[in-house]
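Input: a single structure, listed below in structure tokens.
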Amino acid sequence: DIVASFRLQKNVSELRGNLSKLVLDIYAEVGVPNSIVAVDLLHPLAGSNWTNVIFSIVPYPKNSTISSMGLSIIRSSFMSLVVRQSTLHLTKSMFGNSSSFEVLKFPGGITIIPPQHAFPPETLHATFNFTLNFPIYKVQDRTDELKDQMKKGLLLNSNEGMRANAAL
Ligand SMILES: *[C@@H]1O[C@H](CO)[C@@H](O)[C@H](O)[C@H]1NC(C)=O
Ligand SMILES: *[C@@H]1O[C@H](CO)[C@@H](O)[C@H](O)[C@H]1NC(C)=O
Ligand SMILES: *[C@@H]1O[C@H](CO)[C@@H](O)[C@H](O)[C@H]1NC(C)=O
Ligand SMILES: *[C@@H]1O[C@H](CO)[C@@H](O)[C@H](O)[C@H]1NC(C)=O
Ligand SMILES: *[C@@H]1O[C@H](CO)[C@@H](O)[C@H](O)[C@H]1NC(C)=O
Ligand SMILES: *[C@@H]1O[C@H](CO)[C@@H](O)[C@H](O)[C@H]1NC(C)=O
């Protein structure tokens, strides 16, 4: 299953009234051959004009599968939306700007590796694994700060380094 979400500054009834256009617009941005887009949920964000749109990309026809090429195209467009290198361009007059793109489900997950110095292959290293309760775009630009804090927390020596990977 491929499921993702984003926000629009429109209320649920406005979006419902233009749902088929919304579906076409999403498909134009992230669709691939042999797939269709389905909007699963329009969820109003309490106390605001914003609505969270949850959509899936499913194979079409139903009992086919999305090719691995198709999956990798979707993966790379999702990655650039999540780290905010790009935004979903929907019909502006109807939907305004989108924001807060998040991936909720993707086969095998998506891992984003921030640019950083590689370790020499022969060095000893230990892997730690933990979860931060933030969307990835909030962590993405601040891996240096995160590493500084962890170096202090782990009491690393000056000859010890650290590398961070982030997975959705
Ligand atoms: C939705 O927004 C439109 C346009 O701003 C407004 O006319 C309408 O009353 C709103 N509907 C609801 C249910 O808030
Ligand atoms: C569709 O979107 C337009 C532009 O935002 C809006 O004026 C219209 O009311 C919407 N349609 C429905 C049925 O809500
Ligand atoms: C809803 O949007 C309008 C403009 O589109 C803005 O004037 C108003 O303050 C917004 N209301 C809330 C609760 O955010
Ligand atoms: C779906 O699969 C069934 C059985 O495998 C097959 O008979 C049918 O033609 C397929 N339908 C489509 C639309 O490919
Ligand atoms: C949408 O985004 C553009 C470019 O980032 C900005 O200039 C514009 O003011 C935004 N429109 C709304 C309604 O937020
Ligand atoms: C890190 O933890 C997640 C969630 O428990 C798990 O899915 C993932 O495989 C782990 N990664 C490593 C490198 O251990």
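Counting convention: from 1, in listed order, for ligands and their atoms alike. What's counted below: heavy atoms across the whole structure, side chains too, no hydrogens, waters or symmetry copies.
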### Message
Quick check for you: to the nearest 0.5 Å, what is the distance between Ile110 atom CD1 and Met79 atom CE?
### Response
7.0 Å

Return a table of N or O atom pairs, ligand 1 on one side and protein on the other, at distances under 3.5 Å, rounded to 0.1 Å.
from	atom 1	to	atom 2	distance (Å)
ligand 1	2 (O)	Asn11	ND2	2.3
ligand 1	2 (O)	Glu14	OE1	3.4
ligand 1	11 (N)	Asn11	ND2	2.8
ligand 1	14 (O)	Asn11	ND2	3.2

### Short side-chain to backbone donor-acceptor contact, Thr51 and Lys10, under 3.5 Å
yes

### Query
Rounded to the nearest 0.5 Å, how far does NZ of Lys105 lie from OG of Ser5?
13.0 Å

### Task
Drop me the distance from Phe106's CZ to Asp1's CG, to the nearest 0.5 angstrom.
11.5 Å

### Message
As an exercise, state the distance from CG of Leu81 to OG of Ser86, rounded to the nearest 0.5 Å.
### Response
4.0 Å

### Query
Which residue pairs pass the side-chain hydrogen bond (donor to acceptor under 3.5 Å, both in side chains) test with at least one member in residues 24-37, sequence neighbours excluded?
Lys21-Asp25, Asp25-Thr91

